[in-house]
Engineer: 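Shown below is the structure under consideration.
All heavy atoms count here, side chains included; hydrogens, waters and symmetry mates do not. Nothing fancy with the numbering, it's 1 onward along the sequence. Counting convention: from 1, in listed order, for ligands and their atoms alike.
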Amino acid sequence: MSEDNARPAPPDIVRCAYLELVVSDLAASREFYVDVLGLVVTEEDEHEIHLRGLEEFIHHNLVLRAGPVPATAAFGFRVRHPRELDRAQEYYRALGCEVRREAAGFRRGVGEVVRVRDPLGFPYEFFHDVRHVPRLTWNYERHGAGAIVRLDHFNQVCPDVTRGARYLEDLGFRRTEDIRDEEGVTYAAWFARKDTVHDTALTGGAGPRMHHVAFATHEKHNILYICDKLGALRRTDVIERGPGRHGVSNAFYLYLRDPDGHRVEIYTQDYYTGDPDNPLVTWDVHDNQRRDWWGSPVVPSWYNEASRVLDLDGEPVPVLEREESRELDVTIGADGFSYTRKGGPAEGFKVGTQL
Ligand SMILES: O=C1C=CC(S(=O)(=O)O)=CC1(O)O
Ligand SMILES: [Fe+2]
């Protein structure tokens, strides 16, 4: 039992492991994720494609499933031992959540799965047993110049980030960074189980919705190559934001939109957060360098658009509007305010003066 004996201890989550996306045109999505981005096909048929990064040894990091309504069907987390599935089941039942336990075979390449619709409305899955597949770390003949090596994180849109943060921290996630204002409103926060900046993050907005899934490369030049390749393919309209250097996480980044509009981040070189006393980094929502260290603007679609999520029966979960102030409103636009140097000039061409 956890400290407050009222609730069972949370499951011991190792890492974010896979995302299931429903896509409207499986062939178009396969071309985007395999031919353009270079993810590796573990297994595929006419209904589903199971993909992974070059360094991954579990069966998949991404499932593309053909369906009528583009949405996110599952956020998969690996737990440290099969017994943690019992804990997951007890923990979420004690929260009053819908919990289903699916025998091995429910999900290809994965053993028993506990599926929940969590308190924020998201479809979370927990698993341990998984089929191992070849790690292609040293198969450089298969590494394109864009070389995506692993799944790094999810990003979830929810109306109340403070409430969501409390839920994730009770679940055992460590908050590593956040964006707040002087009134104490939290606009976004990042949460880790592995020793990088995050396994998932909460972005304040209408939700529950899936903001993005991020895959990691080893180097910035892998990201720059993906941009150059998209230029050569005349597909630069899939580039939504970046390339650039984040303030939060310090990672180099690129955001793309897939054929259904699902957002994919390509991400590299954040920092180690594994010590128990890892210090929280808090950013001022008006700091122009918080989301892009070079002060480049965040396009409004990045704040406003995200993918629906499905409940455990495959139905879209209703979306609730955010009640607290929204980041886009307080930083960009006629009454938006953002600075490069606190108290410095707000005039000029940077964000907050022309968008
Ligand atoms: O992974 C991330 C790290 C940093 C940022 S931000 O735009 O720098 O806040 C966004 C993000 O959540 O995608
Ligand atoms: Fe991200």
Engineer: Would one find an N, O or S atom of H212, in either backbone or side chain, under 2.8 Å from the Fe ion (ligand 2)?
Structural biologist: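 An N, O or S atom of H212 is closer than 2.8 Å to the Fe ion (ligand 2), so yes.
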Engineer: Regarding atom 9 (O) of ligand 1: of the candidates R291, R241, E265, E177, which has the closest heavy atom?
Structural biologist: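 Comparing heavy atoms across R291, R241, E265, E177, the nearest one to atom 9 (O) of ligand 1 lies in R291.
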Engineer: What atoms of ligand 1 come closer than 4.0 angstrom to any heavy atom of R290?
Structural biologist: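 Ligand 1 atoms under the 4.0 Å threshold to R290: 8 (O).
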Engineer: Check contact between H212 and ligand 1, using heavy atoms of the residue and a distance below 4.0 angstrom.
Structural biologist: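 H212: in contact with ligand 1 (<4.0 Å).
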Engineer: Could you list which atoms of ligand 1 come closer than 4.0 Å to a heavy atom of Y267?
Structural biologist: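 Answer for ligand 1: 1 (O).
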Engineer: Please state which option from R263, H153, H246, H198 has its nearest heavy atom closest to atom 6 (S) of ligand 1.
Structural biologist: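 Among R263, H153, H246, H198, the closest heavy atom to atom 6 (S) of ligand 1 comes from H246.
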Engineer: Looking only at side chains, do N139 and E141 share a donor and an acceptor under 3.5 Å apart?
Structural biologist: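 On atom types as modelled, these side chains qualify, holding a pair under 3.5 Å.
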Engineer: For atom 4 (C) of ligand 1, what's the nearest protein heavy-atom neighbour? Residue, atom name and distance, please.
Structural biologist: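 The protein heavy atom lying closest is V248 O, 3.2 Å.
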Engineer: Would you mind listing which atoms of ligand 1 come within a distance below 4.0 Å of any non-hydrogen atom of N155?
Structural biologist: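 Per the distance check, 12 (O).
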Engineer: Does R245 reach ligand 1, in the sense of a heavy atom lying below 4.0 Å from it?
Structural biologist: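 Outside the 4.0 Å threshold, so no.
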Engineer: Determine whether a donor-acceptor pair (N or O, by modelled atom type, separation under 3.5 Å) exists between the side chain of R108 and the backbone of H50.
Structural biologist: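 Not confirmed, R108 side chain does not pair with H50 backbone.
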Engineer: Looking only at heavy atoms, is any part of Y253 under 4.0 Å from ligand 1, and if so is it the side chain, the backbone, or both, or is it neither?
Structural biologist: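 None of Y253 does.
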Engineer: Testing the 3.5 Å rule here: is there a donor-acceptor pair between the side chains of H153 and E265?
Structural biologist: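 Yes, a side-chain donor-acceptor pair sits under 3.5 Å.
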Engineer: Taking the ring of Y339 and the ring of H286, is the distance between their centroids below 6.0 Å?
Structural biologist: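 So the answer is no for these two rings.
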Engineer: Walk me through whether H198 and E177 qualify under side-chain contact (heavy atoms from CB on, under 4.5 Å).
Structural biologist: CA-CA 9 Å; H198 56 316; E177 300 207 26; over 6 Å; no
Engineer: Can you confirm if the aromatic rings of Y92 and Y124 lie within a centre distance of less than 6.0 Å?
Structural biologist: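 Between Y124 and Y92, the centre distance exceeds or equals 6.0 Å.
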Engineer: Taking atom types as modelled, is there a side-chain donor on T203 or Y303 under 3.5 Å from an acceptor on the other?
Structural biologist: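 Per modelled atom types, T203 and Y303 side chains form no pair under 3.5 Å.
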Engineer: Taking the six-membered ring of F126, is NZ or CZ of R87 closer than 6.0 Å to its centre and within 45° of its axis?
Structural biologist: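 Verdict for F126: no cation-pi partner in R87.
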Engineer: Got a sec: is E265 within less than 2.8 Å of the Fe ion (ligand 2) via an N/O/S atom?
Structural biologist: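 Yes - counting backbone and side chain alike, E265 has an N, O or S atom under 2.8 Å.
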Engineer: Can you find a non-hydrogen atom of W190 under 4.0 Å from ligand 1?
Structural biologist: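 Heavy atoms of W190 do come under 4.0 Å of ligand 1.
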Engineer: Run the contact test for Y255 against ligand 1 with a 4.0 Å cut-off on heavy atoms, strictly below, and give the result.
Structural biologist: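 Yes.
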Engineer: Between Y272 and N278, does any side-chain donor sit less than 3.5 Å from a side-chain acceptor?
Structural biologist: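 There is no such pair between these side chains.
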Engineer: At less than 4.0 angstrom from any non-hydrogen atom of S249, what atoms of ligand 1 do you find?
Structural biologist: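 That gives atoms 3 (C), 4 (C) of ligand 1.
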Engineer: Looking at H153, pick out the N, O or S atom nearest to the Fe ion (ligand 2) and give its name.
Structural biologist: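 Answer by atom name: NE2.
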Engineer: Under 2.8 Å from the Fe ion (ligand 2) - does any N, O or S atom of H211 fall there?
Structural biologist: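 Within the cut-off used here (under 2.8 Å), H211 places no N, O or S atom near the Fe ion (ligand 2).
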Engineer: So, H60 and T42: side-chain donor and acceptor under 3.5 Å apart, yes or no?
Structural biologist: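 T42 and H60 do not have a side-chain donor-acceptor pair below 3.5 Å.
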